[in-house]
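In what follows, a single structure is set out as C-alpha coordinates and then discussed.
Bear in mind the structure is a predicted one, so any value in this text is a computation, not a measurement. Note that these values count all heavy atoms, side chains included, but never hydrogens, waters or copies made by symmetry.
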Protein chains: 2
Amino acid sequence: MLTLQGRPQALGQMTTPGHAPAPREGDPLQALANRARYADGQAIFMAGDEAVDCFKVVKGAVRLCSLLSDGRRLIAHFLLPGDFFGFKGVAAPSLTAEAIGPVEVTRYPRRAVAALAERDPEIARRLHAMVCRQLTRAEAQLLVLGRMTPPERLAYFLLELAEHGGQELDQGAVLDLPMSRQDIADYLGLTIETVSRTFTLLKRKGLLALPRQQHVLLRDPDALRDLAAGD
Amino acid sequence: MLTLQGRPQALGQMTTPGHAPAPREGDPLQALANRARYADGQAIFMAGDEAVDCFKVVKGAVRLCSLLSDGRRLIAHFLLPGDFFGFKGVAAPSLTAEAIGPVEVTRYPRRAVAALAERDPEIARRLHAMVCRQLTRAEAQLLVLGRMTPPERLAYFLLELAEHGGQELDQGAVLDLPMSRQDIADYLGLTIETVSRTFTLLKRKGLLALPRQQHVLLRDPDALRDLAAGD
DNA sequence: CGGATACTTGAATGTAATCAATCACAGTGG
DNA sequence: CCACTGTGATTGATTACATTCAAGTATCCG
(Lines give C-alpha, C1' and ligand atoms only; values in the text may rest on other atoms or scores of the structure.)
Protein backbone atom coordinates (compact mmCIF):
# COMPACT_ATOMS: atom_id res chain seq x y z
CA MET A 1 0.00 0.00 0.00
CA LEU A 2 2.81 2.36 0.83
CA THR A 3 4.93 2.61 -2.25
CA LEU A 4 8.23 4.38 -2.14
CA GLN A 5 8.93 6.78 -4.92
CA GLY A 6 12.35 6.61 -6.41
CA ARG A 7 14.22 9.87 -6.98
CA PRO A 8 11.50 12.06 -5.56
CA GLN A 9 12.19 15.25 -7.35
CA ALA A 10 14.29 14.54 -10.40
CA LEU A 11 13.24 17.34 -12.71
CA GLY A 12 15.10 15.98 -15.66
CA GLN A 13 18.04 13.88 -16.63
CA MET A 14 20.57 16.62 -16.19
CA THR A 15 23.65 14.68 -15.30
CA THR A 16 25.58 17.77 -14.33
CA PRO A 17 29.14 16.81 -15.21
CA GLY A 18 31.31 17.52 -12.23
CA HIS A 19 32.08 21.21 -11.85
CA ALA A 20 31.62 22.49 -15.39
CA PRO A 21 29.89 25.88 -15.02
CA ALA A 22 29.05 26.06 -18.75
CA PRO A 23 25.33 25.96 -19.56
CA ARG A 24 24.24 22.77 -21.26
CA GLU A 25 22.69 23.40 -24.63
CA GLY A 26 19.93 20.80 -24.31
CA ASP A 27 18.47 22.37 -21.22
CA PRO A 28 17.27 25.98 -21.23
CA LEU A 29 16.96 25.85 -17.46
CA GLN A 30 20.64 25.16 -17.11
CA ALA A 31 21.42 28.40 -18.92
CA LEU A 32 20.13 30.29 -15.88
CA ALA A 33 22.28 28.40 -13.44
CA ASN A 34 25.00 29.71 -11.18
CA ARG A 35 26.83 28.07 -8.32
CA ALA A 36 26.77 28.73 -4.60
CA ARG A 37 28.23 27.15 -1.48
CA TYR A 38 26.95 27.01 2.07
CA ALA A 39 28.62 25.98 5.32
CA ASP A 40 27.24 23.43 7.77
CA GLY A 41 24.04 24.65 9.37
CA GLN A 42 23.82 27.75 7.23
CA ALA A 43 20.35 28.81 6.08
CA ILE A 44 19.89 28.76 2.31
CA PHE A 45 16.51 30.42 2.66
CA MET A 46 14.16 31.05 5.55
CA ALA A 47 10.47 30.34 5.87
CA GLY A 48 8.57 33.57 5.34
CA ASP A 49 11.30 35.40 3.46
CA GLU A 50 10.66 36.32 -0.12
CA ALA A 51 11.85 33.58 -2.43
CA VAL A 52 14.41 34.88 -4.91
CA ASP A 53 15.99 31.65 -6.14
CA CYS A 54 15.35 28.02 -6.89
CA PHE A 55 18.02 25.41 -6.24
CA LYS A 56 19.46 22.07 -7.13
CA VAL A 57 21.77 20.20 -4.81
CA VAL A 58 25.09 19.40 -6.42
CA LYS A 59 27.08 18.15 -3.45
CA GLY A 60 26.17 17.54 0.18
CA ALA A 61 22.71 17.46 1.71
CA VAL A 62 20.01 19.97 2.63
CA ARG A 63 17.12 19.82 5.08
CA LEU A 64 13.78 21.59 4.68
CA CYS A 65 12.30 22.19 8.11
CA SER A 66 9.59 23.88 10.12
CA LEU A 67 10.23 25.20 13.59
CA LEU A 68 7.95 25.99 16.49
CA SER A 69 8.77 28.82 18.86
CA ASP A 70 9.57 26.43 21.73
CA GLY A 71 12.21 24.63 19.69
CA ARG A 72 10.24 21.69 18.36
CA ARG A 73 11.40 20.98 14.84
CA LEU A 74 10.20 18.86 11.98
CA ILE A 75 12.20 18.12 8.86
CA ALA A 76 9.86 17.79 5.90
CA HIS A 77 12.43 16.69 3.34
CA PHE A 78 16.03 15.80 2.92
CA LEU A 79 17.54 16.93 -0.36
CA LEU A 80 20.45 15.04 -1.86
CA PRO A 81 22.59 15.58 -4.95
CA GLY A 82 20.33 15.85 -7.99
CA ASP A 83 17.31 17.04 -6.00
CA PHE A 84 15.63 20.34 -6.77
CA PHE A 85 14.09 22.57 -4.13
CA GLY A 86 12.54 25.99 -3.71
CA PHE A 87 10.55 25.59 -6.92
CA LYS A 88 7.19 25.69 -5.21
CA GLY A 89 4.88 28.46 -6.34
CA VAL A 90 5.79 32.12 -6.38
CA ALA A 91 5.04 33.10 -2.79
CA ALA A 92 7.33 32.94 0.19
CA PRO A 93 8.52 29.46 1.17
CA SER A 94 6.86 27.89 4.19
CA LEU A 95 9.96 25.93 5.12
CA THR A 96 13.52 26.86 5.96
CA ALA A 97 16.34 25.27 3.96
CA GLU A 98 19.60 24.56 5.81
CA ALA A 99 22.86 23.00 4.79
CA ILE A 100 23.81 19.66 6.34
CA GLY A 101 27.58 19.79 6.22
CA PRO A 102 29.23 21.80 3.43
CA VAL A 103 26.84 22.07 0.50
CA GLU A 104 27.21 23.04 -3.11
CA VAL A 105 24.13 24.04 -5.09
CA THR A 106 23.09 25.33 -8.47
CA ARG A 107 20.98 28.45 -8.19
CA TYR A 108 18.30 29.53 -10.65
CA PRO A 109 16.86 33.05 -10.32
CA ARG A 110 13.18 32.67 -9.63
CA ARG A 111 12.06 35.42 -12.03
CA ALA A 112 14.02 33.90 -14.88
CA VAL A 113 12.62 30.44 -14.19
CA ALA A 114 9.09 31.84 -14.14
CA ALA A 115 9.68 33.73 -17.37
CA LEU A 116 11.13 30.61 -18.97
CA ALA A 117 8.13 28.56 -17.90
CA GLU A 118 5.87 31.15 -19.50
CA ARG A 119 7.60 30.79 -22.87
CA ASP A 120 8.39 27.10 -22.76
CA PRO A 121 5.47 24.76 -21.97
CA GLU A 122 7.85 21.84 -21.68
CA ILE A 123 9.63 23.54 -18.79
CA ALA A 124 6.27 24.38 -17.21
CA ARG A 125 5.31 20.72 -17.49
CA ARG A 126 8.51 19.62 -15.81
CA LEU A 127 8.05 22.09 -12.96
CA HIS A 128 4.48 20.92 -12.52
CA ALA A 129 5.48 17.25 -12.52
CA MET A 130 8.12 18.03 -9.91
CA VAL A 131 5.67 19.66 -7.52
CA CYS A 132 3.22 16.79 -8.04
CA ARG A 133 5.87 14.26 -7.11
CA GLN A 134 6.74 16.24 -3.99
CA LEU A 135 3.07 16.30 -3.02
CA THR A 136 2.75 12.54 -3.41
CA ARG A 137 5.86 12.14 -1.32
CA ALA A 138 4.55 14.42 1.41
CA GLU A 139 1.27 12.52 1.50
CA ALA A 140 3.10 9.25 2.01
CA GLN A 141 5.00 10.86 4.84
CA LEU A 142 1.78 11.93 6.53
CA LEU A 143 0.96 8.25 6.92
CA VAL A 144 4.42 7.61 8.34
CA LEU A 145 4.16 10.37 10.93
CA GLY A 146 0.53 9.79 11.77
CA ARG A 147 0.26 6.03 11.99
CA MET A 148 3.55 4.16 11.87
CA THR A 149 5.66 2.69 14.68
CA PRO A 150 9.30 3.70 15.20
CA PRO A 151 10.76 0.62 13.48
CA GLU A 152 8.44 1.15 10.53
CA ARG A 153 9.44 4.79 10.32
CA LEU A 154 13.14 4.05 10.39
CA ALA A 155 12.81 1.32 7.76
CA TYR A 156 10.86 3.74 5.58
CA PHE A 157 13.55 6.37 5.97
CA LEU A 158 16.41 4.02 5.17
CA LEU A 159 14.73 2.59 2.08
CA GLU A 160 13.80 6.04 0.85
CA LEU A 161 17.43 7.02 1.16
CA ALA A 162 18.64 3.82 -0.46
CA GLU A 163 16.29 4.21 -3.41
CA HIS A 164 17.46 7.75 -3.98
CA GLY A 165 20.80 6.37 -5.06
CA GLY A 166 18.93 4.10 -7.44
CA GLN A 167 21.32 1.30 -6.61
CA GLU A 168 20.16 -2.28 -6.40
CA LEU A 169 20.06 -2.90 -2.68
CA ASP A 170 19.49 -6.62 -2.82
CA GLN A 171 23.13 -7.42 -2.15
CA GLY A 172 23.56 -5.52 1.07
CA ALA A 173 23.98 -1.94 -0.03
CA VAL A 174 25.96 0.27 2.31
CA LEU A 175 24.16 3.49 2.96
CA ASP A 176 25.85 6.75 3.85
CA LEU A 177 23.89 8.95 6.24
CA PRO A 178 24.89 12.56 5.78
CA MET A 179 22.58 13.72 8.58
CA SER A 180 22.78 13.41 12.36
CA ARG A 181 20.57 11.24 14.57
CA GLN A 182 18.81 14.42 15.66
CA ASP A 183 17.98 15.20 12.03
CA ILE A 184 16.61 11.69 11.54
CA ALA A 185 14.54 12.06 14.70
CA ASP A 186 13.12 15.37 13.51
CA TYR A 187 12.33 13.82 10.15
CA LEU A 188 10.51 10.85 11.66
CA GLY A 189 8.75 12.66 14.49
CA LEU A 190 10.70 10.81 17.20
CA THR A 191 13.34 11.63 19.79
CA ILE A 192 17.00 11.00 19.21
CA GLU A 193 16.97 8.26 21.87
CA THR A 194 14.15 6.40 20.19
CA VAL A 195 15.97 6.56 16.86
CA SER A 196 19.06 5.13 18.52
CA ARG A 197 17.16 2.35 20.25
CA THR A 198 15.38 1.51 17.01
CA PHE A 199 18.67 1.23 15.16
CA THR A 200 19.79 -1.17 17.87
CA LEU A 201 16.55 -3.15 17.60
CA LEU A 202 16.85 -3.59 13.84
CA LYS A 203 20.49 -4.50 14.32
CA ARG A 204 19.57 -7.22 16.83
CA LYS A 205 16.95 -8.57 14.44
CA GLY A 206 19.60 -8.84 11.75
CA LEU A 207 17.93 -6.40 9.36
CA LEU A 208 20.90 -4.08 9.28
CA ALA A 209 24.38 -3.41 10.60
CA LEU A 210 26.19 -0.22 11.57
CA PRO A 211 29.84 -0.57 10.58
CA ARG A 212 30.25 3.14 11.37
CA GLN A 213 27.83 5.58 12.94
CA GLN A 214 27.13 7.18 9.58
CA HIS A 215 27.15 3.96 7.56
CA VAL A 216 24.26 1.52 7.43
CA LEU A 217 24.45 -1.90 5.87
CA LEU A 218 21.02 -3.11 4.81
CA ARG A 219 21.25 -6.82 5.56
CA ASP A 220 17.68 -7.77 4.81
CA PRO A 221 16.08 -5.29 2.40
CA ASP A 222 12.97 -7.45 1.97
CA ALA A 223 12.24 -7.50 5.68
CA LEU A 224 12.85 -3.76 5.79
CA ARG A 225 10.45 -3.27 2.92
CA ASP A 226 7.79 -5.27 4.76
CA LEU A 227 8.32 -3.10 7.81
CA ALA A 228 8.15 0.12 5.81
CA ALA A 229 4.94 -1.06 4.14
CA GLY A 230 3.42 -1.55 7.59
CA ASP A 231 2.25 -5.09 7.07
CA MET B 1 5.18 30.18 12.58
CA LEU B 2 2.39 27.88 11.58
CA THR B 3 0.18 29.85 9.29
CA LEU B 4 -3.16 28.47 8.26
CA GLN B 5 -4.05 28.81 4.65
CA GLY B 6 -7.54 29.96 3.94
CA ARG B 7 -9.46 28.07 1.28
CA PRO B 8 -6.70 25.59 0.59
CA GLN B 9 -7.48 24.67 -2.95
CA ALA B 10 -9.65 27.35 -4.48
CA LEU B 11 -8.75 27.04 -8.14
CA GLY B 12 -10.69 30.08 -9.20
CA GLN B 13 -13.64 32.19 -8.33
CA MET B 14 -16.17 29.86 -9.91
CA THR B 15 -19.19 30.55 -7.79
CA THR B 16 -21.12 27.63 -9.23
CA PRO B 17 -24.66 28.91 -9.05
CA GLY B 18 -26.73 26.26 -7.36
CA HIS B 19 -27.54 23.41 -9.71
CA ALA B 20 -27.23 25.02 -13.11
CA PRO B 21 -25.55 22.43 -15.36
CA ALA B 22 -24.88 24.97 -18.10
CA PRO B 23 -21.18 25.71 -18.74
CA ARG B 24 -20.15 29.15 -17.63
CA GLU B 25 -18.72 31.18 -20.46
CA GLY B 26 -15.95 32.81 -18.44
CA ASP B 27 -14.37 29.51 -17.47
CA PRO B 28 -13.22 27.02 -20.11
CA LEU B 29 -12.77 24.39 -17.40
CA GLN B 30 -16.40 24.59 -16.50
CA ALA B 31 -17.31 23.61 -20.06
CA LEU B 32 -15.93 20.14 -19.34
CA ALA B 33 -17.96 19.67 -16.20
CA ASN B 34 -20.60 17.11 -15.46
CA ARG B 35 -22.29 16.17 -12.23
CA ALA B 36 -22.10 13.03 -10.10
CA ARG B 37 -23.40 11.87 -6.74
CA TYR B 38 -21.97 9.45 -4.21
CA ALA B 39 -23.49 7.81 -1.16
CA ASP B 40 -21.96 7.84 2.33
CA GLY B 41 -18.74 5.88 2.43
CA GLN B 42 -18.64 5.27 -1.30
CA ALA B 43 -15.25 5.40 -3.00
CA ILE B 44 -14.92 8.14 -5.60
CA PHE B 45 -11.58 6.79 -6.69
CA MET B 46 -9.13 4.30 -5.24
CA ALA B 47 -5.40 4.62 -4.66
CA GLY B 48 -3.59 2.80 -7.42
CA ASP B 49 -6.41 2.83 -9.94
CA GLU B 50 -5.93 4.78 -13.12
CA ALA B 51 -7.17 8.32 -12.70
CA VAL B 52 -9.85 9.16 -15.25
CA ASP B 53 -11.43 12.27 -13.71
CA CYS B 54 -10.75 15.34 -11.64
CA PHE B 55 -13.34 16.64 -9.21
CA LYS B 56 -14.75 19.58 -7.40
CA VAL B 57 -16.92 19.19 -4.32
CA VAL B 58 -20.29 20.86 -4.73
CA LYS B 59 -22.13 19.56 -1.69
CA GLY B 60 -21.07 17.39 1.22
CA ALA B 61 -17.55 16.39 2.21
CA VAL B 62 -14.86 14.03 0.94
CA ARG B 63 -11.88 12.41 2.63
CA LEU B 64 -8.59 11.52 0.94
CA CYS B 65 -6.99 8.66 2.83
CA SER B 66 -4.23 6.07 2.90
CA LEU B 67 -4.77 2.65 4.39
CA LEU B 68 -2.37 0.06 5.75
CA SER B 69 -3.14 -3.62 5.40
CA ASP B 70 -3.79 -4.03 9.13
CA GLY B 71 -6.47 -1.37 9.10
CA ARG B 72 -4.52 1.67 10.23
CA ARG B 73 -5.80 4.66 8.34
CA LEU B 74 -4.68 8.22 7.82
CA ILE B 75 -6.78 10.95 6.27
CA ALA B 76 -4.54 13.34 4.37
CA HIS B 77 -7.19 15.92 3.48
CA PHE B 78 -10.80 16.79 3.98
CA LEU B 79 -12.45 18.33 0.94
CA LEU B 80 -15.37 20.68 1.38
CA PRO B 81 -17.66 22.49 -1.07
CA GLY B 82 -15.53 24.50 -3.48
CA ASP B 83 -12.46 22.30 -3.07
CA PHE B 84 -10.88 20.56 -6.04
CA PHE B 85 -9.27 17.14 -5.86
CA GLY B 86 -7.78 14.50 -8.09
CA PHE B 87 -5.92 17.10 -10.12
CA LYS B 88 -2.49 15.89 -9.15
CA GLY B 89 -0.27 14.79 -12.02
CA VAL B 90 -1.26 12.26 -14.63
CA ALA B 91 -0.38 9.02 -12.87
CA ALA B 92 -2.55 6.94 -10.60
CA PRO B 93 -3.63 8.63 -7.38
CA SER B 94 -1.81 7.58 -4.22
CA LEU B 95 -4.84 8.25 -2.03
CA THR B 96 -8.38 6.94 -1.97
CA ALA B 97 -11.26 9.44 -2.09
CA GLU B 98 -14.41 8.55 -0.17
CA ALA B 99 -17.69 10.33 0.37
CA ILE B 100 -18.50 11.54 3.89
CA GLY B 101 -22.28 11.47 3.87
CA PRO B 102 -24.07 12.05 0.56
CA VAL B 103 -21.82 14.00 -1.78
CA GLU B 104 -22.35 15.91 -4.96
CA VAL B 105 -19.37 16.69 -7.18
CA THR B 106 -18.49 18.22 -10.50
CA ARG B 107 -16.42 15.87 -12.63
CA TYR B 108 -13.87 16.95 -15.22
CA PRO B 109 -12.51 14.29 -17.59
CA ARG B 110 -8.80 14.10 -16.98
CA ARG B 111 -7.83 13.93 -20.66
CA ALA B 112 -9.87 17.00 -21.49
CA VAL B 113 -8.38 18.93 -18.58
CA ALA B 114 -4.88 17.97 -19.69
CA ALA B 115 -5.63 18.98 -23.27
CA LEU B 116 -7.08 22.26 -22.06
CA ALA B 117 -4.01 22.97 -19.98
CA GLU B 118 -1.85 22.35 -23.05
CA ARG B 119 -3.72 25.00 -25.05
CA ASP B 120 -4.44 27.46 -22.30
CA PRO B 121 -1.45 28.58 -20.20
CA GLU B 122 -3.75 30.38 -17.81
CA ILE B 123 -5.44 27.07 -16.94
CA ALA B 124 -2.05 25.41 -16.58
CA ARG B 125 -1.03 28.17 -14.19
CA ARG B 126 -4.14 27.68 -12.11
CA LEU B 127 -3.60 23.95 -11.90
CA HIS B 128 -0.01 24.49 -10.90
CA ALA B 129 -0.94 27.02 -8.23
CA MET B 130 -3.48 24.56 -6.87
CA VAL B 131 -0.97 21.76 -6.47
CA CYS B 132 1.51 24.17 -4.87
CA ARG B 133 -1.05 25.22 -2.30
CA GLN B 134 -1.82 21.59 -1.52
CA LEU B 135 1.87 20.90 -1.04
CA THR B 136 2.24 23.81 1.37
CA ARG B 137 -0.77 22.54 3.25
CA ALA B 138 0.61 19.02 3.44
CA GLU B 139 3.93 20.33 4.72
CA ALA B 140 2.17 22.19 7.51
CA GLN B 141 0.37 19.01 8.40
CA LEU B 142 3.64 17.11 8.67
CA LEU B 143 4.53 19.40 11.56
CA VAL B 144 1.15 18.77 13.15
CA LEU B 145 1.45 14.99 12.96
CA GLY B 146 5.12 14.86 13.80
CA ARG B 147 5.49 17.32 16.65
CA MET B 148 2.24 18.63 18.05
CA THR B 149 0.28 17.60 21.13
CA PRO B 150 -3.36 16.47 20.92
CA PRO B 151 -4.84 19.82 21.99
CA GLU B 152 -2.66 21.61 19.47
CA ARG B 153 -3.71 19.21 16.75
CA LEU B 154 -7.40 19.62 17.48
CA ALA B 155 -7.13 23.41 17.60
CA TYR B 156 -5.31 23.32 14.27
CA PHE B 157 -8.03 21.18 12.75
CA LEU B 158 -10.87 23.35 14.02
CA LEU B 159 -9.29 26.58 12.82
CA GLU B 160 -8.47 25.08 9.46
CA LEU B 161 -12.11 24.12 9.11
CA ALA B 162 -13.32 27.50 10.33
CA GLU B 163 -11.10 29.36 7.92
CA HIS B 164 -12.35 27.31 5.04
CA GLY B 165 -15.69 29.01 5.43
CA GLY B 166 -13.89 32.31 5.30
CA GLN B 167 -16.19 33.64 7.99
CA GLU B 168 -14.97 35.99 10.65
CA LEU B 169 -14.69 33.75 13.66
CA ASP B 170 -14.05 36.45 16.22
CA GLN B 171 -17.62 36.49 17.41
CA GLY B 172 -17.98 32.82 18.32
CA ALA B 173 -18.52 31.12 15.00
CA VAL B 174 -20.45 27.87 15.12
CA LEU B 175 -18.67 25.20 13.18
CA ASP B 176 -20.39 22.27 11.53
CA LEU B 177 -18.38 19.05 11.53
CA PRO B 178 -19.45 16.86 8.63
CA MET B 179 -17.07 14.06 9.65
CA SER B 180 -17.11 11.57 12.52
CA ARG B 181 -14.77 11.52 15.50
CA GLN B 182 -13.05 8.55 13.91
CA ASP B 183 -12.37 10.62 10.80
CA ILE B 184 -10.96 13.43 12.92
CA ALA B 185 -8.79 10.93 14.77
CA ASP B 186 -7.47 9.51 11.50
CA TYR B 187 -6.79 13.03 10.26
CA LEU B 188 -4.86 14.03 13.38
CA GLY B 189 -3.02 10.76 13.95
CA LEU B 190 -4.82 10.06 17.24
CA THR B 191 -7.37 7.59 18.56
CA ILE B 192 -11.04 8.38 18.75
CA GLU B 193 -10.87 8.37 22.56
CA THR B 194 -8.06 10.90 22.63
CA VAL B 195 -10.00 13.17 20.28
CA SER B 196 -13.00 12.93 22.56
CA ARG B 197 -10.98 13.63 25.70
CA THR B 198 -9.32 16.57 23.99
CA PHE B 199 -12.67 18.07 23.05
CA THR B 200 -13.63 17.76 26.70
CA LEU B 201 -10.38 19.38 27.79
CA LEU B 202 -10.81 22.38 25.51
CA LYS B 203 -14.41 22.64 26.66
CA ARG B 204 -13.33 22.70 30.32
CA LYS B 205 -10.80 25.39 29.53
CA GLY B 206 -13.56 27.49 27.97
CA LEU B 207 -12.01 27.54 24.49
CA LEU B 208 -15.03 25.96 22.86
CA ALA B 209 -18.48 24.50 23.45
CA LEU B 210 -20.29 21.57 21.92
CA PRO B 211 -23.98 22.48 21.61
CA ARG B 212 -24.42 19.30 19.52
CA GLN B 213 -21.99 16.54 18.77
CA GLN B 214 -21.44 17.84 15.26
CA HIS B 215 -21.49 21.52 16.16
CA VAL B 216 -18.57 23.35 17.71
CA LEU B 217 -18.75 26.84 19.08
CA LEU B 218 -15.35 28.50 19.08
CA ARG B 219 -15.48 30.52 22.28
CA ASP B 220 -11.92 31.77 22.30
CA PRO B 221 -10.46 31.81 18.77
CA ASP B 222 -7.35 33.67 19.90
CA ALA B 223 -6.46 31.05 22.47
CA LEU B 224 -7.15 28.36 19.88
CA ARG B 225 -4.86 30.14 17.46
CA ASP B 226 -2.11 30.24 20.05
CA LEU B 227 -2.56 26.52 20.63
CA ALA B 228 -2.53 25.73 16.92
CA ALA B 229 0.62 27.79 16.48
CA GLY B 230 2.28 25.68 19.15
CA ASP B 231 3.51 28.56 21.29
C1' DC C 1 -40.68 5.46 21.79
C1' DG C 2 -37.21 1.90 20.83
C1' DG C 3 -33.07 0.48 18.99
C1' DA C 4 -28.71 1.25 16.94
C1' DT C 5 -24.86 3.93 16.43
C1' DA C 6 -21.68 7.28 17.86
C1' DC C 7 -19.61 9.57 21.40
C1' DT C 8 -17.86 10.08 26.11
C1' DT C 9 -15.82 8.59 30.30
C1' DG C 10 -13.16 5.42 33.31
C1' DA C 11 -9.34 2.15 34.58
C1' DA C 12 -5.28 -0.28 33.26
C1' DT C 13 -1.60 -0.97 30.15
C1' DG C 14 2.23 -0.13 27.15
C1' DT C 15 5.28 2.64 24.74
C1' DA C 16 7.87 6.52 23.67
C1' DA C 17 9.62 10.63 26.12
C1' DT C 18 12.45 12.33 29.57
C1' DC C 19 16.24 12.43 32.63
C1' DA C 20 20.81 10.81 33.38
C1' DA C 21 24.97 8.47 32.59
C1' DT C 22 28.27 6.03 29.76
C1' DC C 23 30.47 5.12 25.53
C1' DA C 24 32.54 6.01 20.87
C1' DC C 25 34.63 8.98 17.95
C1' DA C 26 36.84 12.98 15.57
C1' DG C 27 39.69 16.61 16.03
C1' DT C 28 43.50 19.03 18.65
C1' DG C 29 47.57 19.77 20.75
C1' DG C 30 51.37 18.01 23.33
C1' DC D 1 52.06 8.88 17.92
C1' DC D 2 49.14 9.24 21.66
C1' DA D 3 46.63 11.29 25.51
C1' DC D 4 43.07 14.93 25.90
C1' DT D 5 38.77 17.17 24.95
C1' DG D 6 34.31 17.97 23.12
C1' DT D 7 30.62 16.36 20.52
C1' DG D 8 27.44 12.94 19.11
C1' DA D 9 25.49 8.36 19.89
C1' DT D 10 24.04 4.67 22.76
C1' DT D 11 22.23 2.60 26.84
C1' DG D 12 19.75 2.58 31.30
C1' DA D 13 16.01 3.99 34.70
C1' DT D 14 11.98 6.42 35.34
C1' DT D 15 8.02 9.03 34.13
C1' DA D 16 4.25 10.77 31.49
C1' DC D 17 0.88 10.24 28.36
C1' DA D 18 -1.71 8.32 24.66
C1' DT D 19 -3.57 3.79 23.74
C1' DT D 20 -6.22 -0.03 24.83
C1' DC D 21 -9.93 -2.33 26.94
C1' DA D 22 -14.37 -1.73 29.00
C1' DA D 23 -18.55 0.49 30.43
C1' DG D 24 -21.67 4.03 30.29
C1' DT D 25 -24.30 7.91 27.96
C1' DA D 26 -26.05 10.79 24.37
C1' DT D 27 -27.81 11.29 19.80
C1' DC D 28 -29.95 10.11 15.69
C1' DC D 29 -33.22 7.59 12.93
C1' DG D 30 -36.93 4.80 12.02
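Spacing between atom CG of Asp40(B) and atom C1' of dA4(C) amounts to 15 Å, rounded to whole angstrom units. Rounded to whole angstrom, the span from the CG atom of Leu190(A) across to the C1' atom of dA17(C) amounts to 10 Å. One atom, CD1 of Ile192(B), and another, P of dA22(D), lie 17 Å apart when rounded to the nearest Å. In this structure, CG of Leu201(A) is placed 14 Å from P of dG12(D), rounded to the nearest angstrom. Gln214(A) places its CD atom 9 Å from the P atom of dT10(D), with the value rounded to the nearest Å. Distance Leu210(A) CG to dC23(C) C1': 15 Å, rounded to the nearest Å. Put simply, CZ on Phe199(B) is 14 Å from P on dT27(D), counting in whole angstrom units. dA16(C) atom P lies 14 Å from atom CG of Leu145(A), rounded to whole Å.
A close approach under 4.0 Å does not occur between any side-chain nitrogen or oxygen of Thr191(B) and OP1 or OP2 of dT20(D). The shortest distance between the side-chain N/O atoms of Arg181(B) and the OP1/OP2 oxygens of dT8(C) is below 4.0 Å. In this model, the phosphate group of dC17(D) is not approached by any side-chain N or O of Thr194(B) to a distance below 4.0 Å at OP1 or OP2.
For the 3.5 Å distance criterion, the side chains of His77(A) and Asp83(A) fail to qualify, holding no donor opposite an acceptor.
Between the CG atom in Leu74(B) and the CG atom in Leu142(A) there is a gap of 6.0 Å [rounded to 0.5 Å]. Atom CD1 of Ile184(B) is separated from atom OG1 of Thr194(B) by 13.0 Å, given to the nearest 0.5 angstrom.
If you find the closest nucleotide of DNA chain C to Pro211(A) and to Gly189(A), the one lying nearer the 5' end belongs to Gly189(A). Both Pro150(B) and Glu193(A) lie close to DNA chain D; mapped to their nearest nucleotides by heavy-atom distance, the more 5′-ward contact belongs to Glu193(A).
Among the protein residues, Thr200(B) comes within range of the sugar-phosphate backbone only, with heavy atoms under 4.0 Å from sugar or phosphate atoms but none that close to a base. As judged by a 4.0 angstrom heavy-atom cut-off over every strand, Ser180(B) is placed among residues touching the sugar-phosphate backbone only.
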Check your understanding: How far apart are the C-alpha atoms of Arg73(B) and Asp183(B), what are their side-chain angles, what is the distance that settles it, and do they pass the salt bridge (Lys or Arg N to Asp or Glu O under 4.0 Å) test?
Key -> CA-CA 9 Å; Arg73(B) 188 179 71 155; Asp183(B) 284 339; 2.7 Å; yes
Exercise for review: Take Arg137(B) and Glu160(B) through the test salt bridge (Lys or Arg N to Asp or Glu O under 4.0 Å) and record every step on the way to the result.
Suggested key: CA-CA 10 Å; Arg137(B) 193 173 140 78; Glu160(B) 198 179 32; 2.9 Å; yes
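Between the side chain of Arg197(B) and the base of dT20(D) there is at least one donor-acceptor pair of N/O atoms closer than 3.5 Å.
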